[in-house]
> 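Take a look at the following structure, please.
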Amino acid sequence: MAAAVASLYRRVLPSPPAVDFASPEGKRLFAEALAAGTMEGFFPLVSCFQTQSEPAFCGLASLAVVLNALAIDPGRRWKGPWRWFDEFMLDCCEPLDKVKAQGITFGKVACLAHCSGADVQSFRANRVTIHDLRRHLLRCVSSQDCHLIASYHRQAFKQTGTGHFSPIGGYHAGQDMALILDVARFKYPPHWVPVQLLWEAMNTTDDSTGLLRGFMLISRQNTAPSSLYTVSCRDENWRSMAKYCVEDLPNILKAQNLDNVPALLSCLIESLPADAEALIKWVVEVRRKEEGGLSLSKEEKERLFLKENVLQQVRNTRLFTIVHDQQYAKNPCCNCSSSSQQDSLSRIAATVCCQGAAMLSGNLTPRDSFCCRETCLKCVQANGDGLKTVISASVVSEGNEQGVDMLLPMSSPVYNSNSKNNVIKYPSSVDVLTVLLLALHPSTWSGIKDEKLKAELEALVSTDNLPDDLKRERSGPARASTRGSRMAAASLYRRVLPSPPAVDFTSPDGKRLFAEALEGGTMEGFFSLASCFQTQSEPAFCGLASLAVVLNALAIDPGRRWKGPWRWFDESMLDCCEPLDKVRAQGITFGKVACLAHCAGAKVQPFRANRVTLDDLRHHLIRCASSPDCHLIASYHRRPFKQTGTGHFSPVGGYHAGQDMVLILDVARFKYPPHWVPLPLLWEAMNTTDESTGLLRGFMLISRHNAAPSSLYTVSCRDESWKSMAKYCVEDVPDLLKAEILDNVPTLLSRFIDLLPANAGSLIKWVVEVRRKDEDGPCLSKEEKERLFVKENLLHQVRDTKLFMTVHDLHCASIQCHNYSLSSEEDSITRIEASVCCQGATMLSDNLASTDGFCCRETFFEHIQANGDGPKTLISGLVTCEGNDQGVDMLSPTSPHSPSSRNLTFSNESIKYPSSADVITVLLLALHPSTWSGIIDDSLKAEFQTLVSTDNLPDCLKQEILHLRRQLYYLKACKDKEYEDPVPPSP
């Protein structure tokens, strides 16, 4: 049976009222707003722009974009050693599973922004006017220090869907239009809308809360928290600590008769939850020993200065002295005793350095395999700024040594009143307890019965006289209800971009280069790339991320589902040429990225540096930068740019002819922002050897085929089935033909089909568009009509081939790769209807686990009049799950009656929907002509080669066949590890 893939590929943006950002009109609005100075916020926002990773994550994605654009340090690790905001880190105000199922409210997004360290001003539509919106919008778009997130209903823009969040990227004062950077880019691209209409869209009620939507302004605090301490809330321990601090502790104080501070503190510490130490961590900067030497960057010096300042201020409080004198480091929340500080520091050094080595190696599993052979604590002279503390270590894993430096905050010696020893200098449990006590809300102590004790403790924990840096540090934990532990979180926050030679895209020079290149016409490709720009989701996924950006920018249909009902390229879908686990651990080679691009349906021209010149690169670059129809991915080494790291991939977003500089849209945005570099230096960076292959790097041009594949058929290679089919088609069939004496076409076809692998039916699928029945009614959009037209045309052309009639006459549907017989067409279409409608309802409900809970109560196959373009075929179904009914429409391609079908040998009329006979026909046509060269009988060989020849096929079908042929070839090449510089088969 021909399996159906029910899904959707984007939506056509209703215009008017919206204007596509990448359209000629959208570019004109952008250029005028840029010249007027109301696109300032666009540059950092687009540098961090991302697609929401789940259909209901619009609020989380919008917030992550803005937090990263404001360069707010999350204070905790994302992946590898890096600190970077990702939707999955925004989990403290609402469980992610709940957000995935139901979305998130306006108030919860504002709460998340507060907890993440941002300054937030939220405005519901009933508390402001459109003039207020316009004033705040103008303020944000004229600066890089503030960004606006809109909460609105899509209906006001004639778009499908309901409530949505997205950042606003710019404003055109003359037209009074705002640029919405829509994070649901799998559905709609970024677009301009009238502010009046945006205001109306905000003046709508969120049914889940009964409150109006609105907008929020998000900015950095005047002085960012030092990130010496940070709350860890990625697991459940923070909940028990939050409950303890907010509920349990006040009740304990009310129940106890305490009369002095030591007794109160002892009571507090003894009642702490067992997992208290996992809540608050102190942040250590980590780097490979060879990366920085003893020279600290400006960023590292600033971070250490802030951390050391806060640490010193904590130690200067009277509360710290009391906590230390009570020797609270002996409690369960501590890993060490204050009487053995040197030993505890050694343990900290070994633990943190192993953690750092694990991250720097990309191994995020438990650190059991890492052994710290030696550590040493030393003070280094940091560029004339005094002594700085570094823990250096040599860490061994599987015989490999890694030198690690950890930049450790220290305080100057502090003496307490009761001890001759210096108070410990590095962050400890005593510091954490002090910060925790300061962070608790003043009302916590209101239940103390002894009024004198209450007054004494309230004076000890008062923040009124704290230095500003410490007061701000204290306010972060207070907002999140709690923050406690001496555990060190080794990590990195971005890198300072070495400039020169690079120029930051968001800097004044970077914006000047952009504006001049835009005027020169060599930023045409930027708009579609920026609309799909993303951060690589793993530290080694630069090749996959670069390719996903380009494929989406070219609007190439993946032909298979991403999430929900949507088809959209994501790194996780680029898995046919190399296992994702291997790419995650080792990265990917130039040849395999080219192979993936081919398999994804793109036209690819790879050029290694030894096969072209700098002038060739410049020629191709100008061509790509001057058009949205072709994009260039560069494969280069970071060293010529004085950047840390080794080989890297990124798309090139534009070219400045006067300065001979290119804009690299670096997909490792957690490390470096997009930046301009001299083209000769990029060429030098390409002229480097990839040690994994021994071949030079280079660049590749990726574009759409002149006639895009119709996506009626698509190769499915997400599981192992394609490997057995690729082997069968490329190896087994030629061997079979050479080994057997076959003398007629039916016998040959029967042998071909009889020996098909059992899972052959899962290789090639046909694509069905899915939508909720209530979304559009019988009216088809322009996009739906175009897709159906192409698919129906292709289906008709397949049925008109002599090969199809021969295959069908053999009743191929009865063999093992099918689930039904062609002699019972009505029964098979009924099963297709039920299966596809359940599949569609599953996706539209966002339940991607299985279709087992869905029951198709009824289906019917009908023809609808589609906007005067003749009848179209619609499979409609009523699907029930847990008592709820969901109407589903599936747009199915059909073929009209064909004159040539009169010669078919079965009694019923020609089948109209895609079937297994079509798939077998297409598969035979897609096999390379050399497949049949081994047929022993020359007469049969000539007859069969005529049957499968593509020479006289209509263009539409020919393009589809050649696309599938390329896919099969590259899949086989990857399986055999022949992917480096593969030569495509001749058509």
Side-chain angles (χ1 to χ4, degrees), residues 21-22 26-50 65-66 68-71 137-148 167-174 177-181 190 192 219-220 494-533 535 621-622 625-626 628 641 643 650-667 669 671-679 681-682:
F21 170 66
K27 294 179 199 174
R28 181 188 64 78
L29 290 168
F30 175 86
E32 292 173 358
L34 181 65
T38 53
M39 294 301 300
E40 288 299 304
F42 170 83
F43 291 87
L45 283 172
V46 82
S47 297
C48 303
F49 195 20
Q50 68 182 66
V65 170
V66 167
N68 288 322
L70 291 168
L137 176 58
L138 192 58
R139 171 195 158 201
C140 286
V141 299
S142 303
S143 151
Q144 296 189 2
D145 301 326
C146 170
H147 299 298
L148 188 151
I168 301 299
Y171 175 62
H172 190 292
M177 297 186 80
L179 175 62
I180 294 180
L181 296 179
W192 295 90
S219 56
R220 289 176 64 93
R494 299 187 175 178
R495 290 290 195 189
V496 176
L497 181 69
S499 180
V503 177
D504 189 330
F505 173 64
T506 65
S507 69
D509 277 348
K511 289 184 282 187
R512 177 185 57 80
L513 289 167
F514 177 87
E516 291 172 357
L518 183 65
E519 188 175 353
T522 51
M523 293 300 300
E524 288 299 305
F526 170 82
F527 292 86
S528 55
L529 286 171
S531 299
C532 303
F533 193 22
T535 305
L621 177 58
I622 292 173
S626 304
F641 305 136
Q643 299 172 4
S650 277
V652 172
Y655 176 65
H656 190 291
Q659 299 291 319
D660 199 25
M661 297 185 79
V662 299
L663 176 61
I664 292 180
L665 297 178
D666 199 324
V667 290
R669 302 187 292 189
K671 186 175 185 179
Y672 293 115
H675 49 275
W676 294 89
V677 296
L679 183 60
L681 210 56
L682 177 59

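The residues of the chain are indexed from 1 along the displayed sequence.
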> Sequence neighbours excluded, which residues qualify as side chain to side chain donor-acceptor pair (under 3.5 Å) partners of Gln144?
none
> Could you go through Thr535 and Gln50, starting from their C-alpha distance and side-chain angles, then the distance that decides it, and tell me whether this counts as side chain to side chain contact (heavy atoms under 4.5 Å, CB included)?
CA-CA 7 Å; Thr535 305; Gln50 68 182 66; 5.5 Å; no
> Quick one: does Thr506's side chain get under 4.5 Å of Ser47's, heavy atoms only?
yes
> By side chain to side chain donor-acceptor pair (under 3.5 Å), which residues pair with Thr522, not counting sequence neighbours?
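By the side chain to side chain donor-acceptor pair (under 3.5 Å) rule, Thr522 matches no residue at all.
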> Quick check: do Asn68 and Arg494 have side-chain heavy atoms less than 4.5 Å from each other?
yes
> Considering the options Leu513, Leu663, Leu497, which one meets the side chain to side chain contact (heavy atoms under 4.5 Å, CB included) requirement together with Val503?
Leu513
> Quick one: does Trp676's side chain get under 4.5 Å of Ser499's, heavy atoms only?
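Not in contact.
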> Between Phe526 and Phe514, is the ring centroid distance below 6.0 Å?
yes
> Any side-chain to backbone donor/acceptor pair from Arg220 onto Asp145? Under 3.5 Å, distance only.
no
> Could you check whether any side-chain heavy atom of Arg669 comes within less than 4.5 Å of a side-chain heavy atom of Phe533, counting everything from C-beta outward?
yes
> Is the shortest heavy-atom distance from the side chain of Asp660 to the side chain of Tyr655 under 4.5 Å?
yes
> Tell me, with the steps shown, if Leu70 and His147 meet side chain to side chain contact (heavy atoms under 4.5 Å, CB included).
CA-CA 8 Å; Leu70 291 168; His147 299 298; 3.6 Å; yes
> For Ile180 and Ile168, what are the C-alpha separation, side-chain angles and deciding distance, and is it a side chain to side chain contact (heavy atoms under 4.5 Å, CB included)?
CA-CA 5 Å; Ile180 294 180; Ile168 301 299; 3.8 Å; yes
> Is there a side-chain contact between Lys511 and Glu40 (heavy atoms, below 4.5 Å)?
yes
> Using a 3.5 Å distance criterion without hydrogens, assess whether the side chain of Ser650 forms a donor-acceptor pair with backbone atoms of Ile664.
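No; zero donor-acceptor contacts below 3.5 Å.
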> Hey, does Pro674 have a side-chain heavy atom less than 4.5 Å from the side chain of Leu665?
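Side chain of Leu665 against side chain of Pro674, heavy atoms only: contact under 4.5 Å found.
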> Atom NZ of Lys27 and atom CG of Leu34: how far apart are they, to the nearest 0.5 Å?
14.5 Å
> Hey, does Phe641 have a side-chain heavy atom less than 4.5 Å from the side chain of Leu682?
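Answer yes - side chains close enough.
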